[in-house]
Amino acid sequence: MGKKRKHSETQAVEPKKKDEGAPERPKRTLMGWKDKEEVQAQTDSNSESPQVFRNKEKVMVTCSRRINYRYRHLMLNLVSLLPHCKKDNKVESRSSKGATLNELIELRGCSSALFFECRKHQDLYMWMARCPNGPSVKFLVNAVHTMEELKLTGNHLKGSRPLLTFSRNFEKDAHWKLLKEMIIQIFGTPKEHRKSKPYHDHVFVFSIVDDHIWFRNYQISVPHNESDKMVRGGLDKMTLVEVGPRFCLNPIKIFAGSFGGPTLYENPFYVSPNQIRALEKRKKAGKYAKKVKAKTRRKMHEQSNPLEPDEFADMWRE
Amino acid sequence: MEMMLYFHAMGLRRKDLSFLQSGKAVEDNVNDVMGDYSEEDDSESVSESESDQEDVKLAEPSKTAIYNREGLVEKCEDISWPENVGWMHKLSLDVDQEKEVDVNDDLARELAFFTQALEGTRAAFDKFQSMGLPFLRPPDYYAEMVKTDAHMQKVKGKLLAQKRQIEESEERRKARDAKRIAKEVQAEKLKERAKQKKQEIEEVKKWRKQRQQSGFKDGKDGMPDLGFENGKAFERSSKKRPGVSRGDRSGGKAKQGGGKSNNKNKKNREFRNSKFGFGGRKGMKKQNTAEMTNDVLAFNKSNAAGNRKRKR
């Protein structure tokens, strides 16, 4: 139960470390919190420690009611990609969303959650949260392509552990680091999970382009010559075929608690889709007025700058 | 090639706009300069002329954007696994991104993702090799896949259909070109022939005029060299024109079909011959011979009134 113990220990240690002048955090090891000197001394014994780290991550995947078919298929695709997830029924109310969801997660015994919320049948928001009191993130999801699209031709084992690749910009700032950590824990299949399969034949790509997190899933395909041998020189001939799904996440807010709590980060560039639609409409509404204004402006301009009389104007007049 | 096809046909619903492309704010500047840039992302397309309004509007809310760096770091430390957890649990790789990718350029962006994945996989492969663990799936390992077999059949069908379409259009284009060229060649040939004919007629006229002028005196010397002596004049062109013999029962189609159906036809023909008897030549039943032309008395007089159908 390494995980649970860590959290409870965190609670105990945190209040002591709140002040600014505190020494840096003691090194955290498998056994708990230790000071740095003790760690140095114990590095030998650690490798023989009887307690082994076990990843007991469980993700609960749910959605809200009135979800679009495309987003529902995206959710189902994610369910098939993560063997350590539990799919739950649709969640009803929006008012006490945080409390309800937290209870649900506790009930199912999960440690994280992916919640898909669809507003107005058009916009999809995804929440990534760690249950007991971990941080939670709200994303706006764009550019959704599900696995059922016939252009995505790859296929891989269901439940094999993925390789997670991140672009370098995840190290550039604190909030990206936090997101990277959460992604590793949620999207990475635990090592000896019951439903996981051996071999690694697919790759997840998370990359930050234009302040959005883009997700891709590729199958690793290597042309096999002999039946049994593992490919030696085949590294050059390795190709990737896209399996899907694809989506693009725009982080909106990061909260300190699960589905609520104080805001740790707010995306300054985020404009809600409602606002965008409203602006569109407003712009279209003023089209006639703008045209009339432009006409009067032109007239004034012409009056104030009269043209010189054209010398050739009378040439063809008989 | 498949990737190219895919990207051409892909229509992303999301269009992202950065109004001020040159001076993009990176996350580092979040605390400092927030009001100058605005970025919209939406599920529908937005025209660019909104930029003026957007800039002014977002100046205010951007300033209130919270960035609690210490809190973030703290939370990150809270949730992260201890540091001496082996890499095997995390399986995460960091890949360097050399250059900035323009979001709106689909092909470049997807290429960047692809290269990132490829490099990551290579690095992982090396790690696995060094640890001596199996990495790739052997080809005889069958287990449940993430997409069903039926789905993969559909995918295959679609790919084949695409390939066939391309091939067919190629063939059509080639046929069109060939036809055009053939037509040109034919036109050339006809022109040649017409020219030749005209030339020969001119020559004959000239010769006649010449003879006229010189008073029909000359013997054989003045004959124009029309090529009669060569013995080639009355030869027909050696090209075989399509034609069938009079007794041919196959309707002129015996020669066609080249080598493909020859064997089958022959077998068929032989079988039928053996079963129904050899057909014999066609249409040679009623032909006059020298004796019969004068044999008026061989007509059957009694049938003359019997055949009503005969026209009178």
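Letters go in sequence order (proteins before strands), and every chain restarts at 1. The structure presented is a predicted model; accordingly, all values stated were derived computationally and were not measured.
For the atom pair A:N267 CG and B:I66 CD1, the distance stands at 12.5 Å (nearest 0.5 Å). Taken from OG1 in B:T148 to CD in A:E148, the straight-line distance is 9.0 Å, to the nearest 0.5 Å. For the atom pair A:I254 CD1 and B:L72 CG, the distance stands at 5.5 Å (nearest 0.5 Å).
Between chain A and the residues B:K158, B:M152, B:K154, the most heavy-atom pairs under 4.5 angstrom are made by B:M152. Contact tally against chain A (heavy-atom pairs below 4.5 Å) for B:N68, B:L93, B:V155: the top residue is B:L93.
Under 3.5 Å, the side chains of B:Y67 and A:D173 contain a donor-acceptor pair of N or O atoms.
A:P162 and B:L91 get closest at one heavy-atom pair: O-CD1, 3.3 Å. Of all heavy-atom pairs between A:V205 and B:F113, the closest is CG2-O, 4.0 Å. Counting all heavy atoms, side chain and backbone alike, A:P135 lies closest to B:I79 at CD-CG2, 3.6 Å. When every heavy atom of A:A174 is checked against every heavy atom of B:V73, the shortest pair comes out as CB-CG2, 4.1 Å. Scanning both residues, B:Q116 and A:F206, for their nearest heavy atoms gives NE2-O, 3.4 Å. The minimum heavy-atom distance linking A:V203 with B:A117 is given by the pair CG1-CB, 4.1 Å.
Ion pair B:R109/A:D210 not flagged as a salt bridge, since none of the NZ, NE, NH1 or NH2 atoms sits closer than 4.0 Å to an Asp/Glu carboxylate oxygen. Ion pairing between B:K75 and A:E181 fails under the 4.0 Å rule for side-chain N and carboxylate O. Ionic pairing of A:K195 and B:E144 is not present here: no N-O contact between side-chain nitrogen and carboxylate oxygen is shorter than 4.0 angstrom.
The part of B:Y141 that comes within reach of chain A is its side chain, from C-beta onward, which places non-hydrogen atoms under 4.5 angstrom from that chain. Neither the backbone nor the side chain of A:K253 has a heavy atom closer than 4.5 Å to any heavy atom of chain B.
When side chains are defined from C-beta on, A:T153 counts as touching B:L159, because their heavy atoms get closer than 4.5 Å. For the pair B:E110 and A:R216, the minimum side-chain heavy-atom distance is below 4.5 Å. B:W81 is listed as a side-chain neighbour of A:Q185, based on a closest heavy-atom distance under 4.5 Å. The closest side-chain heavy-atom distance from A:L163 to B:F128 is below 4.5 Å. In this structure the side chain of A:Y218 never reaches within 4.5 angstrom of the side chain of B:L118, judged on heavy atoms.
Side-chain N or O atoms of B:K147 include one that pairs as donor or acceptor with a backbone N or O of A:V243 at under 3.5 Å. At least one donor-acceptor pair closer than 3.5 Å links the side chain of A:R161 to the backbone N or O of B:H89.
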